[in-house]
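One structure is given here, and the rest of the page talks about it.
Because only heavy atoms are used, hydrogens play no part in the values below, and waters and symmetry mates are left out as well, while side chains stay in. So that the names make sense, note that chain A is the first sequence line, chain B the second, and so on, each numbered from 1.
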2 protein chains.
Amino acid sequence: MSGIRAQQKEKTRRQLIDAALGQLSSERSFSSLSLREVAKEAGLAPTSFYRHFSDMDELGLTLVDEAGLTLRQLMRQARQRIEKGGSVIQISVVTFMEFIESNGNIFRLLLRERSGTSAAFRAAVNREVRYFTLELCDYLQQANKLNADVAFLQADAAVTIVFSAGSDALDVDKDDRQQISMRTIQQLRFIARGAAEFSHRVVKVRT
Amino acid sequence: MSGIRAQQKEKTRRQLIDAALGQLSSERSFSSLSLREVAKEAGLAPTSFYRHFSDMDELGLTLVDEAGLTLRQLMRQARQRIEKGGSVIQISVVTFMEFIESNGNIFRLLLRERSGTSAAFRAAVNREVRYFTLELCDYLQQANKLNADVAFLQADAAVTIVFSAGSDALDVDKDDRQQISMRTIQQLRFIARGAAEFSHRVVKVRT
DNA sequence: TAAAATAGAGTACACGTGTACACTGAAACT
DNA sequence: AGTTTCAGTGTACACGTGTACTCTATTTTA
């Protein structure tokens, strides 16, 4: 029951996943990857691909899940840092920028497939981003005692701004990334301040 | 000198452009379009394509320019409406949503190519978005007497939020689009309020 | 009016693609 | 020990692709 076979299968499955991730870059999107290329990179015959995924879409959705995991891992890291004190906004942005730096291709995958041509991909990415947003929303409600609706609007706006900044930071050198970080921090402060002002009044919108 | 020939050429050039734009949809991106498909849709032999563009990339960049024009046209429309009175934020968002509704494929093109695999495309789209942002920045400085740096940060954040909302509004029915509009308006108010608060202090960041 | 230019069509080719199918050898089961 | 399962291979095929090349008909120029 040890499963020497299942074990090997899992291993080459990972090789396929890693091969796909490894081929992503600023000039190569997942949708431009071919089954044959991925199989070749993984050291497999093209037709062996089918032993693991029914088509490239299935591999792609697995990659999105993978990305979601990485993203949540990132959040845990950020929360740990915050608990040790410091500006919440600054730590969050810095953590996110570190994520971009060491997981550029994963982030690119999320960015691209979010506006891509597959409804399933778009849904998968949006689901991951929503988790991200809702966790931030909870945090804002607890930490800042915000009205629930206001907290959601703030969290949603903040995530949008940070993701957009991440996108800008992808193909840029360290100095520029620093600039982008500072700009983003300031913009998040605007939003936080604005939200705080409005949190007394009743806000009727929620999506 | 009337140029019956040049005239005809311009006409089929437009047919190519329109054919390409017409094939875009939520499940079809520009990069997935083939030269042959576009030529066929335009009623041309594949090889005749080369009489007008050296490759698909050149057509694509033309499309991005086209999109930029449409975007600026949109801004003019918004400004006219604003001059006739009303909430600036609300009118801007409503105008933008109208744009999405009637130019969905053009907006999709911008969204996708902004994070696409061609550096030239990304640069072209970012240039158009920057124009958009700078015009808003000027407006904010004049209308709200804001500090130049704060105005830029606000404009940049606002454009990011609005574009993201546009992306969310693409594949959604009228009611949901209305929801998104209200959410966006409120978020823009947060930013405006926050920026106004900060505009007294000195802000050191500018990108 | 004769010559040159050129938008567009048609043919042809090499290439990369997804995948159907038959096969192999080793692991897993009975 | 004998049988079954199955991850991985190799071959083969039809298809869509970009584009080089030649030819044609018509406009433009000289």
Side-chain angles (χ1 to χ4, degrees), chain A residues 1-25 27-63 112-113 116-121, chain B residues 1-25 27-63 112-113 116-121:
Chain A
M1 275 289 181
S2 73
I4 188 170
R5 193 166 217 159
Q7 205 172 321
Q8 174 59 25
K9 183 171 186 182
E10 181 56 32
K11 191 175 161 190
T12 73
R13 185 187 141 99
R14 264 247 70 86
Q15 282 173 352
L16 281 171
I17 293 176
D18 291 341
L21 271 179
Q23 310 226 39
L24 297 181
S25 72
E27 47 271 311
R28 208 80 163 75
S29 71
F30 177 78
S31 56
S32 78
L33 254 48
S34 76
L35 182 154
R36 286 174 110 105
E37 281 176 301
V38 174
K40 186 175 190 177
E41 177 80 11
L44 246 75
T47 48
S48 302
F49 181 95
Y50 296 107
R51 300 288 178 201
H52 303 274
F53 302 98
S54 68
D55 52 25
M56 282 291 285
D57 275 16
E58 199 171 306
L59 208 198
L61 290 173
T62 306
L63 252 50
R112 285 173 177 154
E113 298 312 327
T117 53
S118 156
F121 274 54
Chain B
M1 274 289 182
S2 74
I4 189 169
R5 194 165 214 159
Q7 204 172 321
Q8 173 59 25
K9 183 171 186 182
E10 181 56 33
K11 192 175 159 190
T12 71
R13 186 187 141 98
R14 264 247 71 86
Q15 281 173 352
L16 281 170
I17 294 175
D18 291 342
L21 272 179
Q23 309 226 43
L24 297 180
S25 71
E27 46 270 312
R28 206 80 165 72
S29 73
F30 178 78
S31 57
S32 78
L33 253 48
S34 77
L35 183 152
R36 286 175 111 104
E37 281 177 301
V38 173
K40 185 173 190 176
E41 177 80 10
L44 245 74
T47 49
S48 301
F49 180 95
Y50 296 107
R51 301 287 178 200
H52 303 274
F53 303 98
S54 69
D55 53 23
M56 281 293 286
D57 276 15
E58 199 171 305
L59 207 198
L61 290 173
T62 305
L63 252 50
R112 285 172 179 157
E113 298 311 326
T117 52
S118 156
F121 274 55

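Here the nucleotide nearest the side chain of E37(B), chosen from dT27(D), dT17(D), dT19(C), is dT17(D). Which of dT19(C), dG10(C), dT19(D) sits closest to the side chain of L35(B) comes down to dT19(D). Of the candidates dG8(D), dG18(D), dA12(D), dA12(D) carries the atom nearest the R36(A) side chain, counting heavy atoms from C-beta on. Comparing dG18(D), dT19(C), dA9(C) by their nearest atom to the side chain of A45(B) picks out dA9(C). Distance from the side chain of H52(B) is smallest to dG8(C) among dG18(D), dG8(C), dG8(D).
Rounded to whole Å, the distance from CD1 on I4(A) to C1' on dG25(C) is 14 Å. Rounded to whole angstrom, the span from the CG atom of L44(B) across to the P atom of dA7(C) amounts to 12 Å. The nearest whole Å value for the distance from the OH atom in Y50(A) to the P atom in dT9(D) is 15 Å. In this structure, F49(B) atom CZ and dA20(D) atom P are separated by 14 Å, rounded to whole Å. Between the P atom of dA7(C) and the CD atom of E10(B) lies a distance of 12 Å, rounded to the nearest Å. Summarising the geometry, the separation between NZ on K9(B) and P on dG8(C) is reported as 8 Å, rounded to the nearest angstrom. If you take CG of L16(A) and P of dA7(D), they are 13 Å apart, rounded to a whole angstrom. Here dT6(C) presents its C1' atom at 16 Å from CD of Q7(B), a figure rounded to the nearest Å.
Contact record, L35(B) with M56(B): CA-SD, 3.7 Å, taken as the closest heavy-atom pair. Looking at every heavy atom in both residues, H52(A) comes nearest to E58(A) through O-OE2, 4.2 Å.
Mapping R5(B) and R51(B) onto DNA chain D via the closest heavy atom, the residue that lands nearer the 5' end is R51(B).
A heavy-atom distance below 4.5 Å is not found between the side chains of R51(A) and T12(A).
S34(B) comes within 4.0 angstrom of sugar-phosphate atoms only, judged by non-hydrogen atoms across all strands, and of no base.
To the nearest 0.5 Å, atom CZ of residue R36(A) and atom CD of residue E41(A) are 16.0 Å apart. To the nearest 0.5 Å, the span separating CG on L63(B) from CG on L24(B) amounts to 6.5 Å.
Residue T47(B) places none of its side-chain N or O atoms closer than 4.0 Å to OP1 or OP2 of dT19(D). For dA7(C), the OP1/OP2 oxygens have no side-chain nitrogen or oxygen of T12(B) closer than 4.0 Å.
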